[in-house]
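First the structure, in the form of structure tokens, and then the observations on it.
Each chain gets a letter, A, B and so on, in the order the sequences are listed, and its residues count up from 1.
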Amino acid sequence: MSFHPENPLIVQSDRTILLETASPRFEEARDALSLFAEIVKSPEHIHTYRVTPLSLWNAAALGATPEEVKETLLNLSKYEVPANLNSDVEDFMARYGRLKLIKEGDELFLISEDEALLIEISRQKSVIPHLVDPPAAGKLEERRLKVKGEERGLIKSALIRVGFPVEDLAGYTPGTPMDVDLRETSLEGEAFGLRDYQNEAVGAFWAGGSERGGSGTIVLPCGAGKTVVGIGAMASVKAHTLVLTTNVTALRQWRDEILDKSDLDPEDVGEYSGDKKEVKPVTITTYQMLTYRPSKDEPFKHFHLFNEADWGLIIYDEVHLLPAPVFRAVANLQSRRRLGLTATLVREDGKEEEVFSLIGPKKYDVPWRVLEKRGYIASATCTEIRVPFPDDDLRLDYAIAESRDKYRIAACNPGKNQVVNRLLKEHEKDQVLIIGQYLDQLHEIAEMTGAPVITGQTPQAQRDILYEKFRKGEEPVLVVSKVANFAVDLPDANVAIQVSGTFGSRQEEAQRLGRVLRPKKNANTASFYTIVTRDSSEQDFSNKRQLFLTEQGYRYKIETVELDS
DNA sequence: AAACCGGGAA
DNA sequence: GTTAGTCCCGGTTT
């Protein structure tokens, strides 16, 4: 039995993997694990990963072999790798691609080298409804199963649920051709080209030609240029494209980026939103638009957009936020090329498998170190600061409060203000955003610090003035409400202090961190603080928070403070 | 035609 | 479980 104490991993038979953050090989191991494992927990010293069927299928779809995965584990592990894990790696990875979905003429077939497997799945209750003439028990007339033409998406979902993800080789409709290329210089005349990893991402999406290439998910951290990858994909497909975004701000940003970075004319790029209902060769819309119903029990009013044109490519921005009703529509759109863009494959609703089967497996993710080393993103330190209640009265209020009031009391703990003051002193020379969700609390902090507040009610003109002052450094501190989550026009800061947040939504956390993540001219570092009340319901969300941030590659620290009386 | 306002939804 | 913000729509005002 071998023992390599200098190695960073402990690989366990329950498919969890422990990673020591202090190891000199930490970064190497983290990037290697991102290929085939999911992160579960990430406190300071030891991070926990898990190898799941889905994580192995994603690796297999990326082209990794079981040998490579086993080799990685062997190389990085302190102790011998448990035999059952090695055989799980082999078994699960081998399952991907054993079933293939192909098209012959207009007919769809499920094929496999393995006849027993075809028989086995042909008897699955969830699969049968999608087959044409399901074979009688134990018999197969030909070595293939005929699939109902309209149910390509549904059978893919059904198969992944029974543990056999199918490789979809049934090809795509080309869509209406469109001449589009990337510009070599942006509209402002700056030289423009895809960064090497963006180029690789587009290549990974497109690789494999007409059948294999052209559907899948690209995982890139915020600020790494997902839009540009989408534009690169458009320039590869060269067909009419529908882009789905999370909100109108993102929609406008896509439009601006497309006009800036591609040679498309403004009249070729349309906005389909509450304001405008344009359908152009490139059309951008929002998920809310698509899921809008005049009332319950009525159909989605704008779903027809999916079939309004002969789209050759559909781009799903922030695919981890794709609403469930849209999945149902996506199941019917399997013959259209599609690109999912996201910073994380983890969904709050656990529908990661749907993304895998209906949008496509992970095609590319960037090693974090690459981005950091080249200065494309700032490296951030995240600190959770735990404060007690300042006095027993408040503590008692909290103790006897209805559970629904508890969160608010903890979130608005005035003891946090002391910490805010301390942090502002430490970051006197920095651009600081103070972010919170309760307006009363924000106004209180604004009064205390003398910094201006921006909330949903702040008129756009006023926001613009404050943003401008902040950019120039005339106002070093801004207090902002939830507008911060999505406002794209919010200027960059290098310090963010979160004084209250919603119930552990990782999305929200990422958005907030994204605010401070743009590379800075001087020092390429940023700080993100979250202040929570100790021993309160707020602290319960701390694990979730850490998880997300570590998924994104940040280091996370916890600090407990006492208040001055 | 564009800007603005309030209601309802998730 | 809560809160604030966002989006859509359909109305009115400018």
Rounded interatomic separation in angstrom, taking [atom1] from [X] and [atom2] from [N]:
X	N	atom1	atom2	result
A:Gln288	C:dT6	CD	C1'	6 Å
A:Leu442	C:dA4	CG	P	10 Å
A:Ile435	C:dA4	CD1	C1'	14 Å
A:Gln441	C:dA4	CD	C1'	13 Å
A:His302	C:dC8	NE2	P	8 Å
A:Asn247	C:dG5	CG	C1'	11 Å
A:Tyr272	C:dC7	OH	C1'	14 Å
A:Asp440	C:dT2	CG	P	17 Å

Subject >> Salt-bridge contact A:Asp275-A:Arg252 (side-chain N to carboxylate O under 4.0 Å) >> reply: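 Judged by the 4.0 Å cut-off on N to carboxylate O distance, A:Asp275 and A:Arg252 do form a salt bridge.
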
Subject >> 5' priority, DNA chain C, between A:Asp405 and A:Leu439 [closest heavy atom] >> reply: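 The residue closer to the strand's 5' end, by nearest nucleotide, is A:Asp405.
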
Base, sugar-phosphate or nothing for [X]? Non-hydrogen atoms, less than 4.0 Å.
X	value
A:Thr286	sugar-phosphate
A:Ser295	nothing
A:Lys301	sugar-phosphate
A:Lys277	sugar-phosphate

Subject >> cation_pi(A:Lys406, A:Tyr398) dist<6.0 Å, angle<=45 >> reply: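 Geometry flag: set, cation within 6.0 Å and 45°.
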
Original post:
Can a cation-pi geometry be assigned to A:Arg195 and A:Tyr376, taking NZ or CZ under 6.0 Å from the six-membered ring centre and within 45° of the ring axis?
Top reply: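 Yes - A:Arg195 lies over the ring of A:Tyr376, closer than 6.0 Å to its centre and within 45° of its axis.
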
Subject >> Closest contact, heavy atoms only, A:Leu322 versus A:Arg347 >> reply: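 Looking at all heavy atoms of both residues, the shortest contact is O-NH2, 2.6 Å.
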
Original post:
C:dA4, C:dC8, B:dA10: which one has an atom nearest the side-chain heavy atoms of A:Arg293?
Top reply: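 Within the option list, the nearest is B:dA10.
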
Original post:
Which nucleotide in the list C:dC7, B:dA10, C:dC9 gets nearest to the side chain of A:Met289?
Top reply: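 Closest of the options to the side chain of A:Met289: C:dC9.
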
**OP:** Examine A:Tyr438 together with A:His443 and report whether their ring centres are nearer than 6.0 Å.
**Re:**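 No.
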
Original post:
For B:dA10, does either OP1 or OP2 sit under 4.0 Å from a side-chain N or O belonging to A:Thr291?
Top reply: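 False: A:Thr291 side-chain N/O out of range (4.0 Å or more) of B:dA10 OP1/OP2.
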
